[in-house]
Visitor: 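Sharing a structure here in structure tokens format.
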Amino acid sequence: MEIKVTAGDIAGIDADAILVNHFEGMKSPDGETATVDRALGGAVAQLIKQGEIKGKLNEVTMLHSFGKLPAARVVVVGLGKKSDLSVNKVRGAVAETCRWLRAREISTIATVPQGANINKIGPGDAAQAIAEGALLGTYTFRKHMTKKEDKPGEIKRLSIVGAGRLKARLEKGADKGRIISEATNLARDMVNEPANYMTPTDMAETAARLAREQGLEITILDLEQMKKLGMGGMLGVSRGSRQPPKFMVLNYKGGTAKEPDIALVGKGITFDSGGISIKPSDKLEEMKGDMAGGAAVIAAMVAISQLKPKINVMALIPATENLPDGNALKPGDVLTAMNGKTMEIISTDAEGRLVLADALSYAKKHGAGKMVDAATLTGACRIALGDICTGAFGNNQELIDRIIAAGNEAGELVWQMPMFDEYGEQNKSDVADVKNVGGRLAGAITAAKFLAEFVDDTPWVHLDIAGTSLTDKERGYQIKGATGVPVRTLVNLVVSLAQKPSK
Ligand code: BES
Ligand code: MN
Ligand code: ZN
């Protein structure tokens, strides 16, 4: 879908459909909706009076213009109560409307800047939300379907139409929305991809291609290089798989410092069978998505390289399969992570924290000023928070607060979890420095406490996305399958750190 901004009046635009809006509780059409209503001889006003258009959030009503306007159809989008409007509601309503129109094979649409100048939503914010709603909400993953009937139509063009004096702001917002949404859809594609099409090698090749396209530096460490660096977690987890592990290092240099201002670390388990501590087979296919953190970090780097914030960002993605063969890691084994700490394996299914141990050590060694990791780390986090919000765990309240704010801006909810010292006790091992399972109680927190062992005092936040990386239903701009969480949170965070560095 092409997104463009047009200066002018929506009533004068020629498209298959033009989008105006109506708010719940209002008795007559307002603003541009009123202009369009006059051209239609009061049809919208009449439908409001009859109660057919209520303005409820995500309500879609289509009228035909029969030559009274250049556009063939007028769509009235319900935006709910005016006082409750937010950018996230605009995203959702635009997404639902676009899917509704796509199902009716409508291919060119034009819209007013939905939500602009209401509840502190600026024209740029509105344009960004519209672009995001449209691009995220019409996402599909059909590449492995061979029948044409299974492929829906496509909205070819969406124009955002506003007054000429707003054009620059609308364009900037729309462009940012497009960059961020395309990156999110890229992460969704990688996560939805079956594990036989997204091995560690495939993931590294994808990252290399994207890095080349964006002019990002990339290094891909192979098994030999991981051995030299002493990445015992990576070596241990990958032992049971025929697929060679890959450790991706990407660098975006927008700042002046020599070192990375921030490292983004993403878990890249391309399939998690549990290893010798094998998982039950129910829903096991979902474990192709155990690289969602890694995919989000790669995608965020693509968006960052297009938005060009003045900051240095290093991205690290430890990628491997977790499978059980005769050479596999076993419960009771002890591994030494890159920072020299020893880890007793209680469960080979707690593999994410083992590879993240090496990645966090690597980030520290390379002088990262801050670290944020994203990982589908624990079923416990999913049980605790569901698919509604991501769990945040960290050692620095300011960074946690900034991530929560970055998530809110994106509509990706983040909830802080406790990190009391007492939880760390559960990870004490009788034979090594730490053990990789701290018992059943507080499983998401003890996993985070394990990671903290490899962080020391660098400001760090761990995002457990086990619940939020996938969704089983269509909801607003979320499509069943991979959500792309937390791409937009990471991008917002990096952009905000570049604009206003923390102390
Ligand atoms: N990848 C899983 C966590 C997960 C579970 C993600 C469900 C998405 C949905 C992780 O590697 C894992 O297996 N964690 C174990 C840890 C346990 C052995 C301490 C878990 O949560 O059961
Ligand atoms: Mn596991
Ligand atoms: Zn896992």
Side-chain angles (χ1 to χ4, degrees), residues 191-192 195 198 200 203 233-234 236-241 245 265-296 317-324 328-333 335 343-359 373-391 393 417 423-424 426-429 434-451 462-472 481-483 485-486:
V191 175
N192 284 329
M198 190 49 65
M203 201 174 174
M234 277 301 276
V237 174
S238 64
R239 265 176 28 196
S241 163
V265 177
K267 172 177 172 181
I269 302 295
T270 61
F271 186 74
D272 180 14
S273 73
I276 295 295
S277 313
I278 199 159
K279 287 182 180 295
S281 54
D282 186 46
K283 295 264 172 77
L284 193 49
E285 68 280 4
E286 286 184 1
M287 283 302 120
K288 69 176 183 178
D290 209 19
M291 32 57 78
I317 303 97
T320 172
E321 290 183 333
N322 184 24
L323 287 175
L329 181 68
K330 304 172 292 301
D333 287 357
L335 302 173
M343 316 180 279
E344 181 194 6
I345 308 309
I346 300 300
S347 169
T348 63
D349 196 13
E351 83 298 337
R353 63 197 78 180
L354 302 175
V355 302
L356 291 172
D358 287 331
D373 76 75
T376 46
L377 204 64
T378 66
C381 193
R382 191 190 202 187
I383 299 292
L385 302 176
D387 65 357
I388 305 300
C389 63
T390 294
F393 310 73
M417 302 287 273
Y423 287 112
Q426 288 175 229
N427 291 334
K428 284 212 166 123
S429 163
V434 270
K435 59 181 180 185
N436 80 335
V437 176
R440 267 172 57 77
L441 299 182
I445 305 173
T446 53
K449 278 290 182 191
F450 181 96
L451 299 179
H462 156 59
L463 296 173
D464 194 331
I465 56 168
T468 49
S469 67
L470 296 179
T471 179
D472 58 5
T483 58
V485 169

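A quick note: this is a predicted structure, and the numbers were derived from the prediction, not measured. Counting starts at 1 for both ligands and their atoms, in listed order.
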Visitor: For the OG atom of Ser277 and the NZ atom of Lys330, what is their distance to the nearest 0.5 Å?
Guide: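 Result: 11.5 Å between the selected atoms.
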Visitor: Counting only N and O atoms by type, is there a donor-acceptor contact under 3.5 Å from the side chain of Asp290 to the main-chain atoms of Phe271?
Guide: no
Visitor: State, yes or no, whether a side-chain contact exists between Leu354 and Leu335 at a heavy-atom distance under 4.5 Å.
Guide: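 Yes; the side chains approach each other to less than 4.5 Å.
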Visitor: Tell me, do Leu451 and Phe393 make a side-chain contact under 4.5 Å, heavy atoms counted?
Guide: no
Visitor: Between Glu344 and Lys428, does at least one N-O distance fall below 4.0 Å, as a salt bridge requires?
Guide: no
Visitor: With side-chain hydrogen bond (donor to acceptor under 3.5 Å, both in side chains) as the criterion, how do Thr390 and Thr468 come out once you've worked through the C-alpha distance, each side chain's angles and the decisive distance to 0.1 Å?
Guide: CA-CA 6 Å; Thr390 294; Thr468 49; 2.8 Å; yes
Visitor: Give the C-alpha distance, both sets of side-chain angles, the deciding distance and a yes or no for side-chain hydrogen bond (donor to acceptor under 3.5 Å, both in side chains) between Thr378 and Asp464.
Guide: CA-CA 7 Å; Thr378 66; Asp464 194 331; 2.7 Å; yes
Visitor: Run Lys449 and Gln426 through side chain to side chain contact (heavy atoms under 4.5 Å, CB included) and show every step you take.
Guide: CA-CA 9 Å; Lys449 278 290 182 191; Gln426 288 175 229; over 6 Å; no
Visitor: Pairs under 3.5 Å, N/O atoms on ligand 1 and on the protein: can you put them in a table with the distances?
Guide:
{"unit_1": "ligand 1", "atom_1": "1 (N)", "unit_2": "Lys267", "atom_2": "NZ", "d": "3.3"}
{"unit_1": "ligand 1", "atom_1": "1 (N)", "unit_2": "Asp272", "atom_2": "OD2", "d": "3.2"}
{"unit_1": "ligand 1", "atom_1": "1 (N)", "unit_2": "Asp290", "atom_2": "OD1", "d": "2.9"}
{"unit_1": "ligand 1", "atom_1": "1 (N)", "unit_2": "Asp290", "atom_2": "OD2", "d": "3.0"}
{"unit_1": "ligand 1", "atom_1": "1 (N)", "unit_2": "Thr376", "atom_2": "O", "d": "3.3"}
{"unit_1": "ligand 1", "atom_1": "11 (O)", "unit_2": "Lys267", "atom_2": "NZ", "d": "3.2"}
{"unit_1": "ligand 1", "atom_1": "11 (O)", "unit_2": "Asp272", "atom_2": "OD2", "d": "2.9"}
{"unit_1": "ligand 1", "atom_1": "11 (O)", "unit_2": "Asp349", "atom_2": "O", "d": "3.1"}
{"unit_1": "ligand 1", "atom_1": "11 (O)", "unit_2": "Glu351", "atom_2": "OE1", "d": "2.9"}
{"unit_1": "ligand 1", "atom_1": "11 (O)", "unit_2": "Glu351", "atom_2": "OE2", "d": "2.9"}
{"unit_1": "ligand 1", "atom_1": "13 (O)", "unit_2": "Lys279", "atom_2": "NZ", "d": "2.7"}
{"unit_1": "ligand 1", "atom_1": "13 (O)", "unit_2": "Asp349", "atom_2": "O", "d": "3.0"}
{"unit_1": "ligand 1", "atom_1": "13 (O)", "unit_2": "Asp349", "atom_2": "OD1", "d": "2.7"}
{"unit_1": "ligand 1", "atom_1": "13 (O)", "unit_2": "Asp349", "atom_2": "OD2", "d": "3.2"}
{"unit_1": "ligand 1", "atom_1": "14 (N)", "unit_2": "Leu377", "atom_2": "O", "d": "3.4"}
{"unit_1": "ligand 1", "atom_1": "21 (O)", "unit_2": "Gly379", "atom_2": "N", "d": "2.7"}

Visitor: Which is it for Thr270 and Lys288 under the side chain to side chain contact (heavy atoms under 4.5 Å, CB included) test, yes or no, and what are the steps along the way?
Guide: CA-CA 6 Å; Thr270 61; Lys288 69 176 183 178; over 6 Å; no
Visitor: Scan residues 373-383 for pairs that pass salt bridge (Lys or Arg N to Asp or Glu O under 4.0 Å), counting only residues two or more places apart or in two chains.
Guide: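 Counting only pairs at least two positions apart or across chains, the salt bridge (Lys or Arg N to Asp or Glu O under 4.0 Å) contacts touching residues 373-383 are Glu286-Arg382.
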Visitor: May I ask you to say whether Arg239 pairs ionically with Asp333, meaning some side-chain N is under 4.0 Å from a carboxylate O?
Guide: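 Salt bridge present between Arg239 and Asp333.
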Visitor: Do any protein N, O or S atoms sit under 2.8 Å from the Zn ion (ligand 3), and which ones are they?
Guide: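 Hits for the Zn ion (ligand 3) below 2.8 Å: Lys267 NZ, Asp272 OD2, Asp290 OD2, Glu351 OE2.
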Visitor: Do any protein N, O or S atoms sit under 2.8 Å from the Mn ion (ligand 2), and which ones are they?
Guide: Asp272 OD2, Asp349 O, Asp349 OD1, Glu351 OE1
Visitor: Looking at Ile276, Asn436, Leu323, Ile278, which one forms a side-chain contact (heavy atoms from CB on, under 4.5 Å) with Thr348?
Guide: Ile276
Visitor: Does some side-chain heavy atom of Asn192 sit less than 4.5 Å from a side-chain heavy atom of Met198?
Guide: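 No. Closest side-chain heavy atoms not under 4.5 Å.
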